[in-house]
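Before any comments, here is the structure.
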Amino acid sequence: MSCWALIPIKTLSLGKGRLAGALSPAERQRLIRKMLDRVLAALTASRLVEGIAIVTPECRALAGKATLLPDRGAGLNGSIADAAQSLAAFGATELLVLHGDLPLVNRVEIDRIITLGRSTGLALAPDRRRQGTNAIYLQPDSGFEFRFGTHSFASHQAEAARCGLRPTVVDLPGLAFDVDEAPDLDLLGDLLVDLREGAKMSPQVSTQMRTQDFPINSRSVPIWQPVQPEYSLMHARD
Ligand SMILES: Nc1nc2c(ncn2[C@@H]2O[C@H](COP(=O)(O)OP(=O)(O)OP(=O)(O)O)[C@@H](O)[C@H]2O)c(=O)[nH]1
Ligand SMILES: O=C(O)[C@H](O)COP(=O)(O)O
């Protein structure tokens with residue numbers, strides 16, 4: 001078994017456009033980089049991830065962060081599919097495709113989705129509204145095609161059925177918490193202080209982040225309801 005993680009990142013200046021009303025262009029780019037660094041740290045700490053790749057048109061700006069695969073302009077799904085093919089040719093027998101905007105994800109969750117994915121051949125981690133898909137574990141020879149975009153969680157479930165796969169649905173707080181819109185920033189609480197330019201994290205948050213091991217016991221994590229408006233950082237740390 002050789003599991004590679006794959007993260008798609010689009011042109012940085014175009015990223016997080018939905019946050020344009022809340023953050024300046026410089027803040028948005030800093031946010032993207034900071035969140036990506038957190039995802040990379042979790043993947044690096046994983047015991048099951050063998051390699052980490054980023055498919056992106058920003059090979060120069062992201063140099064040194066991971067194995068960089070050039071985005072040839074095929075769009076989100078096309079770029080991921082191209083990169084998945086390259087990684088399979090390179091020897092990857094398993095892939096964990098995940099987004100770079102999951103600032104609370106940690107090693108325990110990464111290892112958990114891989115382990116669960118291995119049991120059925122496919123695992124889907126929806127966002128906390130169960131509309132989008134934040135991470136997919138798959139085996140590249142399964143024929144599964146990526147359907148990221150609007151309501152992709154439903155689309156990926158349909159795609160799984162087409163391939164004769166019964167996916168494990170993984171509801172874990174860090175995997176479910178992506179940052180797309182201004183209210184998501186409010187939920188970041190103290191962490192946002194670090195993500196915004198020129199500020200420091202509070203020592204409490206900083207310590208927790210450094211450990212990369214939030215006290216989340218995968219056996220006791222809550223099974224989330226379709227919508228969790230009361231979601232909070234504190235909830236994620238329970
Ligand atoms: N390599 C690559 N990554 C992409 C592409 N489109 C989107 N992404 C990445 O996929 C993830 C989800 O994409 P989006 O929701 O379109 O972008 P976003 O930056 O998260 O947010 P918005 O700009 O507000 O839509 C982000 O991490 C993007 O950087 C693409 O064409 N190529
Ligand atoms: O399929 C999805 O969930 C989206 O393409 C992911 O992007 P978003 O969570 O940044 O909207």
Side-chain angles (χ1 to χ4, degrees), residues 4-44 52-84 86-87 95-106 109-110 125-129 131-136 146-153 155-156 174-199 201 209 233:
W4 275 70
L6 174 62
I7 305 170
I9 297 286
K10 70 184 176 188
T11 302
L12 293 172
S13 60
L14 301 178
K16 292 297 153 210
R18 281 168 284 174
L19 296 178
L23 298 177
S24 70
E27 284 175 333
R28 293 204 302 277
Q29 286 203 37
R30 182 173 161 82
L31 177 69
I32 293 166
R33 285 176 172 278
K34 284 278 185 179
M35 292 196 293
L36 176 61
D37 284 346
R38 291 187 188 284
V39 174
L40 292 173
L43 292 170
T44 301
I52 305 171
I54 301 174
V55 58
T56 183
E58 296 276 16
C59 286
R60 186 174 298 191
L62 299 178
K65 290 197 177 287
T67 296
L68 295 174
L69 302 171
D71 179 330
R72 297 190 184 83
L76 176 56
N77 290 307
S79 300
I80 294 174
D82 287 349
S86 302
L87 292 174
L95 291 176
L96 177 64
V97 177
L98 77 170
H99 288 312
D101 61 354
L102 309 176
L104 302 184
V105 76
N106 63 73
E109 293 189 358
I110 297 291
D127 64 23
R128 62 196 188 287
R129 296 177 185 85
Q131 289 178 359
T133 315
N134 286 343
I136 303 178
F146 300 103
R147 300 273 186 251
F148 288 102
T150 311
H151 297 294
S152 67
F153 181 49
S155 303
H156 284 136
L175 277 170
F177 182 68
D178 57 348
V179 176
D180 288 329
E181 296 176 7
D184 302 332
L185 294 174
D186 297 336
L187 298 177
L188 274 175
D190 284 352
L191 179 56
L192 182 64
V193 177
D194 174 62
L195 296 173
R196 294 192 80 148
E197 211 153 11
M201 263 191 292
M209 288 297 173
L233 252 182

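The chain is numbered in sequence order, starting from 1.
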Distance col, row R129:CZ vs D180:CG, nearest 0.5 angstrom, shows 7.5 Å

Identified side chain to side chain contact (heavy atoms under 4.5 Å, CB included) counterpart of L98 within the set V39, L6, N134:
V39

May I ask you to say whether D178 pairs ionically with R18, meaning some side-chain N is under 4.0 Å from a carboxylate O?
no

Check ring-ring contact (aromatic ring centres under 6.0 Å, His included) between H156 and all other residues, then give those that pass, not counting sequence neighbours.
F144, F148

Roughly how far, to the nearest 0.5 Å, is the CG atom of L175 from the CG atom of L102?
6.5 Å

In short, side-chain hydrogen bond (donor to acceptor under 3.5 Å, both in side chains) pairs touching residues 56-67 with sequence neighbours left out are D37-K65

So, taking the atom named CZ in R28 and the one named CG in L31, what distance separates them when rounded to the nearest 0.5 Å?
10.0 Å

For S155 and T150, the nearest pair of non-hydrogen atoms, with its separation, is OG-O, 4.3 Å

Apply side chain to side chain contact (heavy atoms under 4.5 Å, CB included) to I32 and list each qualifying residue two or more places apart in sequence or on a separate chain.
L12, K16

dist T133:OG1 -> D127:CG (nearest 0.5 Å) comes out at 7.5 Å

Gap between atom CG of L76 and atom CD1 of I80 - 0.5 Å precision:
4.0 Å

To the nearest 0.5 Å, what is the distance between CG on L40 and CD1 on I7?
4.5 Å

